[in-house]
Student: 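The structure follows.
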Amino acid sequence: MKKIETIIRKSKFGEVKDALHQIEVNFFSYWDVTGVGNEKQGHVYRGVSYSTSDIQRRFLSIVVSDPFLEKTVAAIIETAHTGNVGDGKIFVSDVIESYRIRTGEKGADALK
Amino acid sequence: MKKIETIIRKSKFGEVKDALHQIEVNFFSYWDVTGVGNEKQGHVYRGVSYSTSDIQRRFLSIVVSDPFLEKTVAAIIETAHTGNVGDGKIFVSDVIESYRIRTGEKGADALK
Amino acid sequence: MKKIETIIRKSKFGEVKDALHQIEVNFFSYWDVTGVGNEKQGHVYRGVSYSTSDIQRRFLSIVVSDPFLEKTVAAIIETAHTGNVGDGKIFVSDVIESYRIRTGEKGADALK
Amino acid sequence: MDTNAVLDLMWVVIAGILVFFMQAGFTLVETGFTRSKNTGNIIMKNIMDFCIGSVVFWAIGYSLMYGDSISSFIGTPSWFFSKPNEMHNLFFQTVFAATAATIVSGAIAERTKFSTYLIFSLLMTLIIYPISGHWVWQSGGWLAKMGFTDFAGSSVVHSVGGWAALVAAIMVGPRIGKYTKGKSNAIPGHNLLIGSLGVFILWFGWFGFNGGSELAISGEHANNVADIIITTNLAGAAGALSAMFVTWIAYGRPDISMTLNGILAGLVAVTAGCAAVSPAGALAIGIIAGVVVVFSIDFIDKKLKIDDPVGAISVHGVSGALGTLLVGLFATDGGLFYGGGFHKLGIQAIGVFAIAAWAITISFIVLFILKKTMGLRVSKEEEVDGLDIHEHKANCFNE
Amino acid sequence: MDTNAVLDLMWVVIAGILVFFMQAGFTLVETGFTRSKNTGNIIMKNIMDFCIGSVVFWAIGYSLMYGDSISSFIGTPSWFFSKPNEMHNLFFQTVFAATAATIVSGAIAERTKFSTYLIFSLLMTLIIYPISGHWVWQSGGWLAKMGFTDFAGSSVVHSVGGWAALVAAIMVGPRIGKYTKGKSNAIPGHNLLIGSLGVFILWFGWFGFNGGSELAISGEHANNVADIIITTNLAGAAGALSAMFVTWIAYGRPDISMTLNGILAGLVAVTAGCAAVSPAGALAIGIIAGVVVVFSIDFIDKKLKIDDPVGAISVHGVSGALGTLLVGLFATDGGLFYGGGFHKLGIQAIGVFAIAAWAITISFIVLFILKKTMGLRVSKEEEVDGLDIHEHKANCFNE
Amino acid sequence: MDTNAVLDLMWVVIAGILVFFMQAGFTLVETGFTRSKNTGNIIMKNIMDFCIGSVVFWAIGYSLMYGDSISSFIGTPSWFFSKPNEMHNLFFQTVFAATAATIVSGAIAERTKFSTYLIFSLLMTLIIYPISGHWVWQSGGWLAKMGFTDFAGSSVVHSVGGWAALVAAIMVGPRIGKYTKGKSNAIPGHNLLIGSLGVFILWFGWFGFNGGSELAISGEHANNVADIIITTNLAGAAGALSAMFVTWIAYGRPDISMTLNGILAGLVAVTAGCAAVSPAGALAIGIIAGVVVVFSIDFIDKKLKIDDPVGAISVHGVSGALGTLLVGLFATDGGLFYGGGFHKLGIQAIGVFAIAAWAITISFIVLFILKKTMGLRVSKEEEVDGLDIHEHKANCFNE
Ligand SMILES: Nc1ncnc2c1ncn2[C@@H]1O[C@H](COP(=O)(O)OP(=O)(O)O)[C@@H](O)[C@H]1O
Ligand SMILES: Nc1ncnc2c1ncn2[C@@H]1O[C@H](COP(=O)(O)OP(=O)(O)O)[C@@H](O)[C@H]1O
Ligand SMILES: Nc1ncnc2c1ncn2[C@@H]1O[C@H](COP(=O)(O)OP(=O)(O)O)[C@@H](O)[C@H]1O
């Protein structure tokens, strides 16, 4: 099993979600984070203008069984992509074990 | 050392927390996430009814030393369980190293 | 590549961020979490006083290529440190693969 | 209409509009002092009790309160109030009735069935409030005849609401997690800023509540109104000050939510005597109320283990009764401290207890029947997840 | 000035101040019913339409509305209104004009260019509103001469705003993601608590809106004012009740945002007839408006696929027209249900359609020109990210 | 009491109630423009300065301001004001005194010790405000005798507050992180929606502030009141417009928080002359104030490096002084632009400087003593974590 963590534009979330459902990745969790990266955003507050690289983004954590890894990554890259600085990242890491709390199932079964 | 990430119902958080304290797991971090999964929830907004699988859940990140792994997982499964769809998941992965910022301690010592 | 997850005091965030920029770690994501640990904080609400170990903290997730690991950890320990209980933790784990969504680049290139 | 009558009508209308706005204040205090998952439900309760009250009080309640007295106990009922020159009075009394009803809402927040609340609130403006109100504010009522003083309703409005809230809070039971292992746990309100805006709005409206209860402003009434504005303001300020200092000593820090309750306690307490006491008397009443409310909230929560999320029982029930009694001490005409002896104090005590007995008994009967028929409480699951998503299929706060 | 004139002036001033405060209510309703990323833009729109309106209506608009009638169609223009004894009237009429303008804002929220909105809003208070207003509220206007009744502006203020909102919402187009695959998607408002505070403030201000439209309180006017306060209150309450029960039946749950709209619908609908109907008539009007608004919002959203985030078209346009027509049925003097036959109803219908035709036509022309010149809509990127960060380089909500 | 006296009393009471509500406006503006971790502390400051002020001003302050003049400098003190026919005046003056006190709060937000603030605020209503107020508003005061015009308190209330705020902000020092490496950093407010609601409430209350300062409405006063309402409204609107356009040019975008400040600047500036200038004059004053406030905030922040989170110094101090001076130009009777020459302008300038000198000197002395005894500022840790959790052991916002 692999954990795919991806940081995307909030405005791309709808499309990414639809694409994940398309390839039958129906389970994941997400939350909003602040991303620090290449993109900059201009602000003015009471005459003080400041530009910040701290931009609101959405963080998705998706655990999938190994056969799903590749197409999930591909789906995210395709839909979250705009070509502009700030599109975000995908990180893949290993998961040793998964459990479904409801049933106690383990391993890939817990992910179905 | 292992990292246990678990997504549970917000309403079960109190019980899970107590159970973790019971087995001397006194350190962890948590935040609220939106979970996408099997459970559905009915909403109506201005006459448009929609059901969403995006449900508020709580995400716990707990790093433990290896001997604690099993009982931590068991405690979560036991207390976060309701038997209904939507109870959540537990994911276990490897941690290479841990540090306590206050003292600079490393490894299992950092987790005590 | 390694993922560095660190939980720090919110009041130390500014310094940590500056220190990371100093060593050219310019990319990361962060969000606010509630930390459960050694530190306690006194509250009173409507005459009921309670002390809680649930304290607002900031969670940083930083993926770096291997040569950056050591100095990143060192920079965090140095700047997030106050010496008081509650300074937080650093956890290091393995990342198998990284992608930059904008370009599709993989591996260490995605992190530059 | 002659000029004086126009002046009086205009003042009553303006005061009534201010009292109307107190509904917004009650809504904000209650939502601010509770958890965000129940906010929508609280909004609905506060809106609907006013709406139901407006219709019911016009339809029949007003006549039960102000109609010709039947045995000094209740007014002669008549449908759909329509006396041509009295519509301003109907309006002013309607917004008062709705205030009494809305007080209950706060004490049973976060766990009560919405449909049951609607019925209870209807009965509140239909029967509970008008009958005891008749005793005091209809000149033929038995307490009125006795010389009982409750100028703007410390007892008639606030205590009635507060005692009904007491019975309701006991019968509905505490929120899940409020008392565990015999200990009271804090369930902090989700937004004290909204709560404090609510308190400001209530204070703002209170000038109409007390000042308008003169029901006139022409001729010699004018100075009375000005005096009432001052006593009202000083009591609110004094309540805040004493509650703040008490908590500063008791908890080591000046407490925000208790100070807010101190203001309301001072205002509730002075409501009975605002036209009968001096500014200094009003200050004293406010100080006493501000101290008492802190200990009362503490006592009800930790000793009696009655779960009242906003402190409605203490703020309205206890402070209302207290303020009514204090008229017996501080009334410049007849009060104990002004050489009037115990006579007035005795009458005030009779009134306070009679009204409490009425409100408690009738609320108990009504709620007992509702409990056996519709049920008072939502399911455990609904309560934990929040009433908004289950009772209204909606979240109040979104992105 | 004699006492009666002072009384009248004072009442108009106080009522005007209450109506002013409705601007805050509109701001809160609109921000509460939309997403937080656009809140700052909505604040700016609501503030600036009032500010522009205040200047423009004084500079020229007032005279176009109330100046000597030219062919019963428009007032004689004159610059910078300055009749010495009429400043209270200028104030009262200014806050009305600003209300009409601000209604449009809600229907085109979250996607409209700020600069274009400013121009449109200027033209609204400069031309659109004063002209149809002249027809009805200047005694020489053609609808006034015909005997058309729109006491406080169900049509003159609310429908004009609502129909302009309809045209604007169509021409600006729906928000991204509102309609996908021919289906309407919910885009929940970010803070219904703020929205409901807005409704309370509007209701509070409405007593000034309707009561002040008597434009006097001395002598026999006093009881008229009191009657208006009661009819206004009952219609608002009835609107809430009927909207709540309709949604309870239709969606299985009492709906929060629809109940809020029900209140507003009841208030808008009774505005035309508040001085002409009985309390029971007002109740009926409120009930009807509360039912209609739910179905109207549904119909406009799901069938017509016009995206109106706050329901302004239904609340102001539809309910305003409806309420104006219902005067023809419920007016105690001349209404169909009171034996007056179809005559009054016919005149009301003529007025409703004339005003709708005017508002729709002129709004279309103005918006068409604006579309071709400045453009009506922000870019896709701005809309998705939120107008605040792009149009104002700021976030409204921070740590 | 005769009818005219009743009318006057009623108007003063109603206006006073509106001014009271401005306290809520100040609270919301200050909390909205600062960070959420300090919200509870700000609520407490704003409530307690009003409560302390209410007690102190009644106890002694009022007599120091309005008592028989001692050498044209101060009123004869007497305890516990109780003139039977003047309670409405006490109320109206109390809410004014509290306004002056509350202005300081905003400029020293997020870092000042709560206990020290309470003492300072007490001295503000006890001494600082009444003495300079005596000079202008007691007919025997030296500025009053000279013919200085400050109708509703641009200087007496707002500048006194603003200059005290200036001294306090300097002595307390900037917030941690506000100025680093000689550069000013933005610390955005946490909720501009709440801030803008505050501005609406202030504007609403300002009609009472300025209109009520006529202290009468009977006879010829009536039209004066109506004129004041119009000048007040136009100046507020003009302030918003000019501030918005200035920021649009200067920063490339119409700025939200500056536009809000522009409204307040326009209102503050017209307060001195609202009864002395024409509508066009009020418009000009508002435009000037709206421009000046933007540059003043900029200058104080970036050049002087004085940290004023809400812009209180510019909005109240600078705009108040500016508005007082502008009376010398725009007064239709005696103003420079109306052929009155430099005489009036000279007197206005003397008044502005005398009041500034007084407020700055006495505030400095008081704050210097407080600094050496109690300390002005919380610890670094308290400031970083937020004052709420340390000073009040509570969070304002929870789940
Ligand atoms: N090494 C990293 N660790 C964690 N998050 C990262 C990392 N690099 C980028 N991110 C996240 O991805 C977002 C987009 O990256 P950014 O550098 O702005 O654009 P791009 O990937 O197009 O160069 C950042 O805002 C941040 O949230
Ligand atoms: N593969 C996954 N990766 C990340 N989060 C998941 C995954 N599967 C489930 N979750 C989280 O667990 C929650 C509960 O899962 P759900 O499928 O609704 O119920 P159940 O586990 O009982 O079948 C989801 O809302 C989501 O937050
Ligand atoms: N094992 C853990 N897993 C996840 N988070 C942890 C863990 N241990 C500590 N933390 C986080 O670190 C924070 C600080 O730890 P704490 O025990 O209070 O102080 P210290 O590290 O100085 O002993 C906690 O509030 C919690 O958020």
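The sequence lines fix the lettering, A, B, ..., with proteins before strands; numbering per chain opens at 1.
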Student: Atom CG in D/Leu123, atom CG in D/Leu118: separation rounded to 0.5 Å?
Tutor: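 Interatomic distance, D/Leu123 CG to D/Leu118 CG, rounded to 0.5 Å: 11.0 Å.
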
Student: Write down the atom of E/Ala235, the atom of E/Val270, and the distance for their closest heavy-atom approach.
Tutor: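 Here E/Ala235 and E/Val270 meet closest at CB-CB, 3.4 Å.
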
Student: Checking E/Tyr338 now: which residues fulfil ring pair (Phe, Tyr, Trp, His ring centres under 6.0 Å) with it, not counting sequence neighbours?
Tutor: none

Student: Relative to chain E, which segment of D/Met44 carries a heavy atom at a distance below 4.5 Å: side chain, backbone, both, or neither?
Tutor: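 D/Met44 touches chain E through side-chain heavy atoms alone.
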
Student: So which residue, D/Ala394, D/Ala24, D/Gly53, ends up with the most heavy-atom pairs under 4.5 Å with chain E?
Tutor: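 Of the candidates given, the most pairs with chain E belong to D/Ala24.
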
Student: Heavy atoms only: give me the nearest E/Ala289-E/Ala265 pair and the separation to one decimal.
Tutor: CB-O, 3.6 Å

Student: Under 4.5 Å heavy-atom distance to chain D, tell me which part of E/Met244 shows up: side chain, backbone, both or neither.
Tutor: side chain

Student: Relative to chain D, which segment of E/Leu283 carries a heavy atom at a distance below 4.5 Å: side chain, backbone, both, or neither?
Tutor: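 Only the side chain of E/Leu283 comes within 4.5 Å of chain D.
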
Student: Can you say whether E/Leu234 sits under 4.5 Å from chain D via the side chain, the backbone, both, or neither, judging by heavy atoms?
Tutor: side chain

Student: Find out whether D/Val199 and D/Val29 are in side-chain contact, i.e. whether some heavy atom of one side chain is under 4.5 Å from a heavy atom of the other.
Tutor: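 In short, these two side chains touch, coming nearer than 4.5 Å.
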
Student: Between D/Ile42 and chain E, with a heavy-atom cut-off of 4.5 Å, which part of the residue counts as in contact: side chain, backbone, both or neither?
Tutor: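 Nothing of D/Ile42, per the 4.5 Å heavy-atom cut-off to chain E.
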
Student: Does the pair D/Phe57 and D/Phe96 meet the rule for a ring pair (Phe, Tyr, Trp, His ring centres under 6.0 Å), with working shown?
Tutor: CA-CA 10 Å; D/Phe57 204 69; D/Phe96 269 57; 9.9 Å; no

Student: Report the distance from atom CG of E/Leu193 to atom SG of D/Cys396, rounding to the nearest 0.5 Å.
Tutor: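 SG of D/Cys396 is found 6.0 Å from CG of E/Leu193.
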
Student: Could you have a look at D/Ile201, D/Ile43, D/Ile52 and say which one has the most heavy-atom pairs with chain E under 4.5 angstrom?
Tutor: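 Most heavy-atom pairs under 4.5 Å with chain E: D/Ile43.
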
Student: Grab the two heavy atoms, one from E/Ser319 and one from E/Val315, that are nearest each other, plus how far apart they are.
Tutor: CB-O, 3.0 Å

Student: Where along residues 12-22 of chain E does a heavy atom come under 4.5 Å of chain D, listed by residue number?
Tutor: E/Ile14, E/Leu18, E/Phe21

Student: Are D/Leu215 and D/Phe92 packed together at the side-chain level, in the sense that at least one heavy-atom pair is separated by less than 4.5 angstrom?
Tutor: yes

Student: Under the side-chain contact (heavy atoms from CB on, under 4.5 Å) test, which residues partner D/Val104, sequence neighbours left out?
Tutor: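 Scan of D/Val104 (side-chain contact (heavy atoms from CB on, under 4.5 Å), adjacent residues dropped) gives D/Ile108, D/Phe120, D/Met124, D/Ala164, D/Ala168.
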
Student: Identify the two heavy atoms, one from D/Pro130 and one from D/Gly61, that lie closest to each other, and give their separation to 0.1 Å.
Tutor: CB-O, 3.7 Å

Student: Looking only at heavy atoms and a cut-off of under 4.5 Å, which of E/Leu260, E/Ile263, E/Val225, E/Ile229 has the most pairs with chain D?
Tutor: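 Of the options given, most contacts go to E/Ile229.
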
Student: What is the minimum heavy-atom distance between D/Met1 and D/Leu9, and which atoms define it?
Tutor: CE-CD1, 4.1 Å

Student: Among D/Phe114, D/Phe397, D/Phe81, which residue forms the greatest number of heavy-atom pairs with chain E at distances under 4.5 Å?
Tutor: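 Top count of heavy-atom pairs under 4.5 Å with chain E: D/Phe397.
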
Student: Does any heavy atom of chain D fall under 4.5 Å from the side chain of E/Ile230, the backbone, both, or neither of them?
Tutor: side chain

Student: At their closest point, which heavy atom of D/Leu192 faces which heavy atom of D/Phe33, and how far apart are they?
Tutor: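 What the structure gives for the nearest pair is CD2-CE1, 4.0 Å.
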
Student: With a 4.5 Å cut-off on side-chain heavy atoms, are D/Phe209 and D/Leu267 touching?
Tutor: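 Side-chain contact under 4.5 Å: no.
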
Student: Using atom types as modelled and no hydrogens or angles, find all donor-acceptor pairs between chain E and chain D shorter than 3.5 Å.
Tutor:
| unit_1 | atom_1 | unit_2 | atom_2 | d |
| --- | --- | --- | --- | --- |
| E/Ser36 | N | D/Glu399 | O | 3.3 |
| E/Gly189 | O | D/Asn398 | ND2 | 2.9 |
| E/His190 | O | D/Asn398 | N | 3.0 |
| E/Leu192 | N | D/Cys396 | O | 2.9 |
| E/Glu220 | OE2 | D/Met1 | N | 2.5 |
| E/Asn223 | ND2 | D/Asn85 | OD1 | 2.5 |
| E/Asn233 | ND2 | D/Ser54 | OG | 3.1 |
| E/Arg253 | NE | D/His390 | O | 2.5 |
| E/Pro254 | O | D/His392 | ND1 | 2.9 |

Student: Measure the CG-CZ distance between D/Leu202 and D/Phe26 for me, rounded to the nearest 0.5 Å.
Tutor: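 Atom-to-atom, D/Leu202:CG and D/Phe26:CZ are 5.0 Å apart.
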
Student: For E/Leu241, which atoms come within 4.5 Å of any heavy atom of chain D: side chain, backbone, both, or neither?
Tutor: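 Answer is both: backbone and side chain atoms of E/Leu241 are under 4.5 Å from chain D.
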
